[in-house]
Every structure is written in C-alpha cells, then in structure tokens.
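Notes follow once the structure below has been shown.
Each residue takes its place number in the sequence, starting with 1.
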Amino acid sequence: MKICYVTHLPNLTGANQSLLDILSKNNREKVEAVVLLGKHGPLEKELEKINIRYEVIPYSSEIKEPGINYKNIAKKIKNYFAIFKIKKFFIKEKFDIIHNNSLFVGIGMEAAYKIGIPYICHIRDLIVADHNVCLLNEKKQFDLAKKSNKVIAISESVKNKFSSILNDKKIEVLFDGINIEKYILPNHTIFQNDTKTNNGVINVFLAGRISPGKGQLDAIKAIEVIKNRIHDGKVKNIEDINLYIVGGIGDNNYYQKMTKYVSENKIKGIHIMDFCNDLKSLREKCDIGLTCSIFEALGRVTIENMLSKMLVIGADTDGTIEIINEKTGLLYKHGDFVDLADKIIFAVNNKEKMIETACNGQKYAKNKFDSNSYNSELYKIYESII
C-alpha cells in the first residue's frame, strides 16, 4: 500500500521525530511511504538519510498567529491555492491512505476528503494546554478529524481530551514507537561521578522547546534550592549540581525571563543550549532526566531519557503519569519546584534504589515503545481502513 504522511512543519520537533521513527522501521515491502512538506527545512535531510521520498508543496500549518490578523489571513489564502496542487499530487501518486501526522495541519485531510481518499488524523498534542497555541480554524479542523477513517491518539490523556469533540469509537490509542537503537545506553550507570569527575557532582538533563508549558524555569529554581541547601550544609551527599537545558526557543519572552533569573540570582551550573545531534553523549554524562511540563500529551523525551537509563523525574500530570510510576521513576507535584528539589535530593540519598529504578525504566521503555511493534499495530490500522 502507498501512504502519504503530511507534516505541519519541516522541523525536528517531537511529532516529526516520531514520524522519522515510524519511517526508519517501515517495512518497505508492505508500505511505500512518501512525506509531504509545506516548506523546506531540516526534516528533509533526515528523510534523505533513511531513503524516504518527499515532496514540497507550499502550504501553512493550522497554528494561529496570536493577535496578528494579516498573517492568519495570509495562511488561509496560501492554503486555498495550495489545496489544488495537493489534490493533483494525491491523484497522480494514487495513494491508498493519507496519514495526517498532527492536528496542527489540516490541508492534507481536506484534500483527501474532497477527492475521496481514506485518511487518518494522528493527534500528538493537547493543543492549547500543551503548546499554548490555538488552531487557525478550530471548527473546520475538528470537522475534518470527525470525517477521518481513524483518529490515532498517542495516549489515554489525549483520547480523553478529545473524546467529547470527536467520535469516541473512532479514536484508537497507540503509544508512540521509538527507534530504540537511537537512544539506548545499555552500559550507562547513574550517580557514578565519584569515579568519573568530581565527587558528589550530580548532572541533570531537561530537553524540550523553551516555553512556559515545558517548565524550564521550575527546574532552574529547583536547582537553586538544592545549591542553597548545599551551601547551608543541609545536604550531605551532593557536592554540586548542574542542569543542562536543551531546546530551541519557542517563547523568546520566557527565554529572556529564564536567563535573567539565572543571571540576577547568580546561579552557577545552568547550561542552556540549542538541540544538537549528539544528545546521546550528553545523556550519558547525566544522572537524572526531568520532565517539567505542565501538560504533556505523552512525553517522548521521558521515554528517551528512560532508554538512556537515566532516572526520570516528572510532573504528575497527563501523559507523564501514564509512563512514570513508582517502579520506573519519581513524580513531583507539578509547578512545585521545592517538591522537585526534594525529589532530586531523595534520589541522591537513595542511590542504589534509584539505579534499580532507572534500570526498570529502561526495560519498560524498550518493551512498551519499540517502533517495530508499533509499526505492526499501525499496519493493522492501515489494513482495516483499506
């Protein structure tokens, strides 16, 4: 069968990373995959690496620009003309199914509906709660999702969020599949800095787009609390602690707020960097992986951290609590940076137990989120539609 995957942006955010994991483990004998992009971007290079064909036809996402009417009007006009080219492309290629990779794009669903090609709406986000964004035309987008042949939700939290809007019977939960080999660190042992660098130095990792919903400032404040307690002699087993924040700037005002807070409070050991290709090496030197999101549809970063055998500590909300439990990691009260600091200190004071927990987390992630098993389930959905 021949499938077209429609993306909302050509970048390497979670939705497209998940798409790449699907395509990298794709059974070429069963599925011929083609990716549709609205503009050129870094996703192209990654698709070329795994030998997946793609087409670029200029169109816009369904993300509404806040308070800027002319940009939103321009998006609608652009998509109005783009849909004619996309319909021709779909007909020419004779696709069996159109797989809409995110609710943040709608033009693929609209074109498929108009020419009678079956299509899937893959919902990977909690929209406003998760990304602090709105859809350009919410009613139209949900109408298209209702008319789809299948809606795939990446977690029970996502399904629950949209079940009242969409046909509950049409929604199927399918946790994201991850390319295990890309993230696995089988020999990584946490809390071993006494044999590597400085005795008692803890390294903490937090990846994700820099925005209020991802909670980077909470993590910074938690590190500040721990450093103050170390200085006051209230923490015995930590000599120092570092925080590595990795992610593109999604909200510049929030980024400025973060950096200003670090500067004004003279907090050392806070490293803020853009996404890099060698996250595996950075994870290997870290002990704890944080998920501080106020809302998380599933938590791809949490899964990646588990695979690297870091101890995961996450906020007790939405998709995060579907992954982290007492056997696989630690939870803290979302938005409470003092509780987060307490959990980090607890982890350091119970190293042997936490090493065991990190190993459990890795085993769980390997079994639960393997992309080979995922693709088998996804293929069953394709077959049921055809």
**Request:** With sequence neighbours excluded, tell me which residues meet side-chain hydrogen bond (donor to acceptor under 3.5 Å, both in side chains) with His122.
**Result:** His99, Arg124
**Request:** Measure from the side-chain N and O atoms of Asn101 to the backbone N and O of Ala15, and report whether any donor-acceptor pair falls under 3.5 Å.
**Result:** yes
**Lys/Arg N to Asp/Glu carboxylate O, Glu138 vs Lys64, below 4.0 Å** = no
**Asked** Under the criterion salt bridge (Lys or Arg N to Asp or Glu O under 4.0 Å), which of Asp176, Asp125, Asp21 is the partner of Arg300?
**Response** Asp21
**Message:** Taking CD in Glu383 as the centre, count heavy atoms belonging to other residues, nucleotides or ligands within less than 6.0 Å. Is the count above 12?
**Reply:** yes
**Item:** Any donor-acceptor pair under 3.5 Å from Ser155 side chain to Val158 backbone
**Value:** yes
**Where Val105 and Asn100 come nearest, the two heavy atoms and their spacing** = O-ND2, 2.8 Å
**Message:** Other residues, nucleotides and ligands only: do more than 12 of their heavy atoms fall within 6.0 Å of OH on Tyr113?
**Reply:** no
**Message:** I need the single residue from Arg229, Lys227, Lys268 that forms a salt bridge (Lys or Arg N to Asp or Glu O under 4.0 Å) with Asp240. Which is it?
**Reply:** Lys227
**Request:** Please assess Tyr54 against Tyr5 for the test ring-ring contact (aromatic ring centres under 6.0 Å, His included), listing each intermediate value before the final yes or no.
**Result:** CA-CA 9 Å; Tyr54 63 88; Tyr5 297 86; over 10 Å; no
**Message:** Strictly distance-based, threshold 3.5 Å: is any side-chain N or O of Asp316 a donor or acceptor partner for the main-chain N or O of His334?
**Reply:** yes
**Item:** Where at least one partner belongs to residues 68-89, residue pairs that pass salt bridge (Lys or Arg N to Asp or Glu O under 4.0 Å), sequence neighbours excluded
**Value:** Glu65-Lys75
**Request:** Evaluate the side-chain hydrogen bond (donor to acceptor under 3.5 Å, both in side chains) criterion for residues Thr317 and Glu296: first the C-alpha distance (whole Å), next the side-chain angles of each, then the deciding distance (0.1 Å), finally the verdict.
**Result:** CA-CA 7 Å; Thr317 61; Glu296 194 67 64; over 6 Å; no
**Prompt:** Can a salt bridge be assigned to the pair Glu110 and Lys114 using a cut-off of 4.0 Å between side-chain N and carboxylate O?
**Reply:** yes
**Prompt:** Is the closest side-chain donor-acceptor distance between Asp287 and Asn203 under 3.5 Å?
**Reply:** no
**Check against side-chain hydrogen bond (donor to acceptor under 3.5 Å, both in side chains), Thr291 and Thr302** = CA-CA 6 Å; Thr291 302; Thr302 307; 2.6 Å; yes
**Fill in**
Under a side-chain separation threshold of 4.5 Å, the hydrophobic residues clustered together with Val225 are Phe337, Val338
**Item:** Minimal non-hydrogen separation, Gln216 against Met258, with atom names
**Value:** CB-SD, 3.7 Å
